*Asks:* 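Quick one: the structure is below, and I'll ask about it shortly.
Both backbone and side-chain heavy atoms feed into the values below; hydrogens, waters and symmetry mates do not. Predicted model only: the values in this text are computed from it and were never measured. Order of appearance sets the numbers: ligands from 1, and atoms from 1 within every ligand. If you read the sequence from its start, that first residue is 1, and numbering goes on from there.
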Amino acid sequence: MKKSNIYFLLFVIGLLLNACTYDFIVKEELAPVDPTVDILFATQIAPIFTNGCVSCHKAGGQAPDLSAATAYANIKSMNLVNTAAPETSLIYNYPNPASTLHTWKKYSATEAQLVLTWIKQGAKNN
Ligand code: HEC
């Protein structure tokens with residue numbers, strides 16, 4: 001085979017390999033969270049815990065107890081929010097989809113964004 005043919009063959013193989021790498025990128029749709037509207041702990045954050053976390057994080061279970069009635073007090077007393085550097089808050093980054101710290105359960109991307117926005121707004125018991 002001529003040298004130029006080999007280069008052409010490699011070029012075609014390269015194109016084929018490249019074409020395959022683009023097929024599998026699936027982005028999760030992010031529900032838009034408007035940062036100018038207050039996120040409410042009682043109706044938007046606590047339900048995330050009730051649905052996904054209290055099976056383990058409950059009274060007598062794994063700390064923090066994230067039951068709706070006690071979640072706020074426990075998040076505060078365990079220093080799981082840091083309003084000065086919201087992204088470093090454990091309640092946000094421990095079960096984050098991008099984190100490997102907490103293998104038990106992760107937030108959806110939308111839940112993570114809600115929690116982060118709530119912390120950025122001052123982590124209020126509202
Ligand atoms: C299947 C059980 C299970 C579920 C469900 C679960 N967790 Fe956990 N979580 C644990 C265990 C066990 C630990 C402690 C060991 C570790 O760090 O992995 C822990 C640790 C944590 C910590 C660290 C606490 C500390 O002491 O620093 C946080 C924060 C946390 N979980 C938040 C959550 C949130 C928020 C959810 C719901 C989205 C959740 N967890 C769901 C089992 C669970």
Side-chain angles (χ1 to χ4, degrees):
M1 205 187 277
K2 269 199 193 149
K3 218 176 188 178
S4 61
N5 283 346
I6 293 173
Y7 285 133
F8 180 70
L9 202 66
L10 285 175
F11 175 66
V12 170
I13 290 172
L15 275 185
L16 288 175
L17 288 177
N18 244 337
C20 297
T21 56
Y22 294 104
D23 292 347
F24 303 103
I25 301 171
V26 178
K27 273 205 125 190
E28 187 188 330
E29 275 295 318
L30 261 188
V33 173
D34 182 349
T36 62
V37 176
D38 264 2
I39 307 285
L40 301 177
F41 183 79
T43 56
Q44 290 175 278
I45 303 299
I48 297 174
F49 302 148
T50 306
N51 293 331
C53 319
V54 293
S55 53
C56 301
H57 294 281
K58 59 189 167 202
Q62 181 65 47
D65 173 4
L66 294 174
S67 311
T70 50
Y72 187 82
N74 290 324
I75 288 171
K76 283 286 176 165
S77 68
M78 286 181 68
N79 283 321
L80 300 177
V81 289
N82 178 358
T83 47
E87 283 86 359
T88 67
S89 302
L90 275 182
I91 197 63
Y92 164 68
N93 70 17
Y94 212 74
N96 195 281
S99 153
T100 53
L101 293 170
H102 186 266
T103 51
W104 308 98
K105 169 88 188 176
K106 296 188 194 306
Y107 293 132
S108 69
T110 304
E111 289 169 345
Q113 208 192 358
L114 277 171
V115 171
L116 180 62
T117 309
W118 169 72
I119 299 168
K120 284 181 173 170
Q121 292 173 346
K124 287 176 278 195
N125 190 8
N126 50 4

*Asks:* Taking Ile91 as the fixed residue, which of Asn82, Val81, Leu116 is the one that meets the side-chain contact (heavy atoms from CB on, under 4.5 Å) rule?
*Replies:*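 Single pass found, and it is Val81.
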
*Asks:* Working to the nearest 0.5 angstrom, can you tell me the gap between Lys124 NZ and Ile39 CD1?
*Replies:*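 One gets 10.5 Å once the value is rounded to the nearest 0.5 Å.
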
*Asks:* Quick one: do Leu66 and Ile48 satisfy side-chain contact (heavy atoms from CB on, under 4.5 Å)? Show the steps, please.
*Replies:* CA-CA 10 Å; Leu66 294 174; Ile48 297 174; over 6 Å; no

*Asks:* For Pro97, what residues pass the side-chain contact (heavy atoms from CB on, under 4.5 Å) criterion, not counting sequence neighbours?
*Replies:*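 So Pro97 forms a side-chain contact (heavy atoms from CB on, under 4.5 Å) with Tyr107, Ala112.
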
*Asks:* Going by ring-ring contact (aromatic ring centres under 6.0 Å, His included), name the pairs with one or both residues in residues 42-81, residues two or more places apart or in two chains.
*Replies:* Phe41-Tyr72

*Asks:* Would you mind writing out a table of all protein N or O atoms found under 3.5 Å from any N or O atom of ligand 1, naming both atoms and giving the distance to 0.1 Å?
*Replies:*
from     : atom 1 : to     : atom 2 : distance (Å)
ligand 1 : 7 (N)  : His57  : NE2    : 2.7
ligand 1 : 7 (N)  : His102 : NE2    : 2.9
ligand 1 : 9 (N)  : His57  : NE2    : 2.9
ligand 1 : 9 (N)  : His102 : NE2    : 2.8
ligand 1 : 17 (O) : Tyr94  : OH     : 2.3
ligand 1 : 18 (O) : Trp104 : NE1    : 2.9
ligand 1 : 31 (N) : His57  : NE2    : 2.9
ligand 1 : 31 (N) : His102 : NE2    : 2.9
ligand 1 : 40 (N) : His57  : NE2    : 2.7
ligand 1 : 40 (N) : His102 : NE2    : 2.9

*Asks:* With sequence neighbours left out, write down each residue that passes side-chain hydrogen bond (donor to acceptor under 3.5 Å, both in side chains) with Ser67, or none if nothing qualifies.
*Replies:* Asp65

